[in-house]
Asker: 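Encoded as structure tokens, here's the structure I'll be asking about.
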Amino acid sequence: MKPIIIAGAGPVGLTLALLLNQQGKSVLVLEAVDEIQPLGVGINLLPHSVRVLCGLGLEPKLDEIAIRTSALHYYNKLGQQIWAEPRGLNAGYHFPQFSIHRGELQMMLLREARFKLGEEQVRTGYKLDSWKDTADGIEATFEKTNGEREVIEGACLIAADGIKSTARKTLYPDEGSPIYGGRILWRGVTIDKPFLDGSTMFMAGHQDCKFVAYPLMPVGEDKVLINWIAELSVPDYVQNEQDWNKEVSIDVFRPSFEDWDFGWVNVPSIIDNCEHVYEFPLSDRDPLPQWTFGNMTLIGDAAHPMYPIGSNGASQGILDAEKLADEFAKGDDLTTTFANYEKERRPATANIVLLNRKNGPEQVMQMAEERSPDGFDHIHDVIPQAELEEVAARYKQTAGFNIEAVNKDAKETQPS
């Protein structure tokens, strides 16, 4: 039996591999780098994606390396609260929301994939180069790190090779570079004392000057590892080749947050106590008109890179994996399987890409800044409660994690 070839061993590719393996399908995961390491920064897994991982029996392992997010708070630049809502189990979902380091998530999924699929079915040092359809599948050519090329026959090819996707570039050679959004994010992790209840995510400021922070895991008795993002409008920035390892000095952005000591959290202190800070220009790509070409298709960031707004990027990739695996489980021909997957997931993710360009649920901070830049006595003097609720509800509906929809699917999720 020819394997389903997955190019890319990030969280999305590995999740898909585990879901297909759960069905008894032959899967081969090929990753470009020689050694997979726990790189990256913090991410949030929303309840609809956690439902998928729980169905793989991974909830206990997530609890070992992550924090269950209890709430999300929005503040203005003066530290005045604009909006607060419970998250995960606290909000009534049947599944938690997890704040987790992307690298730790990837390594956990990698260990699980190697155990479930077998070591030989998850290979490193294989970079996708090209492919061609055959009468009964696909032939994919990979460049190995020693310079050799190897042609691998498979039932199909699923490109989960990220925002720098070779597959996407091959399909759309004239697309150009990712679209710069006019803002830069500086990201880091800091060991510091907990803020609020110790498991809350907060965002403060507005679209031109924003700070985001949330805890990733406890460190000792009275400290936590905090993931944070400082974001500023930099309209004249010239974006070169994206580099997720570009380390910068805090002097580049820290002055904008000099006075952001809100009592319950000291933003300058979090910035100052970080050892390594990395620069990420805010960017995405326009939605594609087509993901599937013959016996191959795109998934995750290769298909729909989006702004890191609404804590939704990783979650949407996991939902891609769930939908594609569900279609494979039906036993239809490959053309039908890919068509049904793309019919649902491509428009859904396109809507989120476009909504994130309008700041998604974070637009309440911009609304507060525009209507009352010097602060307010009470937020309802500036933004009525109904308007705040409508913004939050609209994004949940668009992103597919309104409580009713997630909990409706809960009964179908059974650990393996």
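Everything quoted here is computed from the prediction, not taken from an experiment.
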Asker: Looking at the rings of Tyr278 and Trp186, which for Trp means the six-membered one, are their centres under 6.0 Å apart?
Answerer: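 No; Trp186 has its ring centre 6.0 Å or more from that of Tyr278.
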Asker: Salt-bridged, Arg183 to Asp208, with N to O below 4.0 Å?
Answerer: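 Looking at Arg183 and Asp208, the cut-off is not met.
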Asker: Counting only heavy atoms not in Asp197, do more than 12 sit closer than 6.0 Å to its CG atom?
Answerer: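 Counting neighbours around CG of Asp197, more than 12 heavy atoms of other residues, nucleotides or ligands fall under 6.0 Å, so yes.
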Asker: Taking NZ, NE, NH1 and NH2 as the nitrogens, is one of them in Glu279 or Arg187 under 4.0 Å from a carboxylate oxygen of the other?
Answerer: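 Salt bridge: no.
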Asker: Can you confirm whether or not the ring centre of Phe338 sits under 6.0 Å from the ring centre of Trp291?
Answerer: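 Between Phe338 and Trp291, the centre distance exceeds or equals 6.0 Å.
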Asker: I need the minimum non-hydrogen distance between Arg102 and Pro11, along with the two atoms involved.
Answerer: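 What the structure gives for the nearest pair is NH2-CD, 3.3 Å.
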Asker: Determine the interplanar angle of the Tyr172 and Phe293 rings, folded into 0 to 90°, and report it as parallel if under 30°, tilted if 30 to 60°, perpendicular if over 60°.
Answerer: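 Perpendicular.
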Asker: Charged N to carboxylate O under 4.0 angstrom, Glu369 versus Lys77?
Answerer: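 Lys77 and Glu369: salt-bridged.
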Asker: Between Glu85 and Arg87, is the closest basic N to carboxylate O distance under 4.0 Å?
Answerer: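 Yes.
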Asker: Which atom names give the shortest non-hydrogen contact between Gly92 and Ile403, and what distance separates them?
Answerer: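 Closest pair (atom of Gly92, atom of Ile403, distance): O-CG2, 4.0 Å.
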Asker: Of the non-hydrogen atoms in Gly205 and Trp260, which two are nearest, and what is the gap between them?
Answerer: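 For Gly205 versus Trp260, the nearest heavy atoms are CA-CH2, 3.7 Å.
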Asker: Report, as yes or no, whether the 6.0 Å neighbourhood of atom NZ on Lys61 holds more than 12 heavy atoms from other residues, nucleotides or ligands.
Answerer: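 Not more than 12 within 6.0 Å, no.
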Asker: In terms of side-chain geometry, is the basic nitrogen of Glu175 or Arg285 positioned less than 4.0 Å from the acidic oxygen of its partner?
Answerer: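 Answer for the salt bridge query: yes.
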Asker: Once the angle between the rings of His378 and His380 is folded into 0 to 90°, is it parallel (under 30°), tilted (30 to 60°) or perpendicular (over 60°)?
Answerer: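 His378 and His380: tilted rings.
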Asker: Less than 4.0 Å between a side-chain N and a carboxylate O, is that true for Glu327 and Lys343?
Answerer: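 No, no charged N to carboxylate O under 4.0 Å.
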Asker: Which one of Asn44, Thr69, Ile226 satisfies the side-chain contact (heavy atoms from CB on, under 4.5 Å) criterion with Tyr214?
Answerer: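 Going through the options one by one, the only one that passes is Asn44.
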Asker: Give a yes or no on whether a salt bridge exists between Glu387 and Arg371, defined as a side-chain N under 4.0 angstrom from a carboxylate O.
Answerer: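 Yes, Glu387 and Arg371 are salt-bridged.
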Asker: Side-chain donor-acceptor pair under 3.5 Å between Thr292 and Glu342, yes or no?
Answerer: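 Yes - a donor-acceptor pair under 3.5 Å links their side chains.
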Asker: With a 6.0 Å cut-off on ring centres, are Phe202 and Phe195 close enough?
Answerer: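 Under 6.0 Å, so yes.
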